[in-house]
Each structure stands twice: as C-alpha cells, then as structure tokens.
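The block underneath contains the structure these notes are about, expressed in structure tokens.
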Amino acid sequence: MNENLLAGDFDLSTLVDVRHQVEQRAQASGVADLALYRFVVAVNEILTNAVRHGGGSGTLRLWRDDGRLHCRISDRGAGLNPYRPVRRPPERDTSGRGLWLARQNVDRFSIDARPSGTTVTLSVPTQ
C-alpha cells in the first residue's frame, strides 16, 4: 500500500518548515533515534542543494510503501552528471559534501538528472 505523507513545493523561505514536517512524518512512520536523525540530515542536504544549485526551489514528495519511507526531491536546475560518482570531497574543501552526506545517511539513494532538472530519491526502512 502506497501511503502519501507529504507533498508540495519548497524554497528558501519554507526550507526549515518542510524539514520539520518531514521529521514529524518520518517519526510517525516508525523511523526513530539515529535512523530518524540520519534520514532528516539526508533530506535536508538535498533540499538545500535544490535551493542553492537547482534554481532556488523544488518539489518534495514523502510516502510510505512496503515497510519503507521514501522521499523524492526534484528541482528545475541545469542538472548534474548522474554518472559522476558520489564521493567524499577532500578535507580541505569547505563545501560540496551534500550529495555524499545524503548518500551516507540512507540505505537507498538514486539520482535522475536531466537538463531540465534533477530528482533525488532517498529511502529507509520503517519499523
């Protein structure tokens, strides 16, 4: 059963509110403790990337299906290279860790990048 939990647009002015809504719904879906923290960090990194690099706004969809919580974030930026490996940046770099950090904090992570925008889907098991 596919259960929609949250859907809508976001931009810089709504970023914090959307993150809190994701956290509340993830917790209500059975994601707890360290897994909850890590999922929210991952979602926040992708939301922030969409605002910074993806045209200033985006859309989010959060749903639960088959014992998993999924979050899909899309933007309308120029896109990125989906074949470029998501690697940890060198320690001396002061930015560029968003995708890497998000990937480290969920067990399923996918990128669909096109010239018209990028969609990142994150997924974790629920309890």
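Please read all numbers here as calculations on a predicted model, not as lab measurements.
The distance from the OG1 atom of T48 to the CG atom of L12 is 9.0 Å, given to the nearest 0.5 Å. Expressed to the nearest 0.5 Å, how far CG of N44 lies from CZ of F39 amounts to 11.5 Å. With values rounded to the nearest 0.5 angstrom, R108 atom CZ is found 10.5 Å from R103 atom CZ. Rounded to the nearest 0.5 Å, atoms CZ (R19) and CD (E45) are 10.0 Å apart. Rounded to the nearest 0.5 angstrom, L69 CG and T126 OG1 are separated by 7.0 Å. Taking CZ of F10 as the reference point, atom OG1 of T59 lies at 6.5 Å (rounded to 0.5 Å).
Of all non-hydrogen atoms in D11 and V51, the two that sit nearest each other are C-CG2, 4.0 Å. In this structure, L60 and L62 approach most closely via the heavy-atom pair CD2-N, 4.1 Å. In plain terms, the two heavy atoms of S57 and D75 that are nearest each other are O-CB, 3.7 Å.
The residue from T118, D9, T119 that alone fulfils the side-chain hydrogen bond (donor to acceptor under 3.5 Å, both in side chains) condition with S74 is T119.
With sequence neighbours excluded, the residues satisfying side-chain hydrogen bond (donor to acceptor under 3.5 Å, both in side chains) with R68 are D107, S123. Remark: Q21 pairs with D17 by the side-chain hydrogen bond (donor to acceptor under 3.5 Å, both in side chains) rule, at least two apart or across chains.
Looking at I73 and N49, their side chains never come closer than 4.5 Å, going by heavy atoms from C-beta outward. Counting only heavy atoms from C-beta outward, the side chains of R72 and W63 approach each other to under 4.5 Å.
Residues I46 and L36 are members of one and the same hydrophobic cluster, defined by side-chain heavy-atom contacts under 4.5 angstrom among Ile, Leu, Val, Met, Phe, Trp and Tyr. Residue V16 is not grouped with residue V18 when hydrophobic side chains (ILVMFWY) are merged at heavy-atom distances under 4.5 angstrom, including chains of intermediate members.
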Checklist entry - Would R61 and N4 count as a side chain to side chain contact (heavy atoms under 4.5 Å, CB included) if you check the C-alpha gap in whole Å, the side-chain angles of each, and the deciding distance to 0.1 Å? => result CA-CA 8 Å; R61 179 173 171 241; N4 288 314; 2.9 Å; yes
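Using modelled atom types, one side-chain atom of R38 and one backbone atom of Q104 make a donor-acceptor pair closer than 3.5 Å.
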Result block: side-chain N/O donor-acceptor pairs under 3.5 angstrom for residues 26-34, not counting sequence neighbours:
from: S29; atom 1: OG; to: R25; atom 2: O; distance (Å): 2.8
from: S29; atom 1: OG; to: R64; atom 2: NH1; distance (Å): 3.3

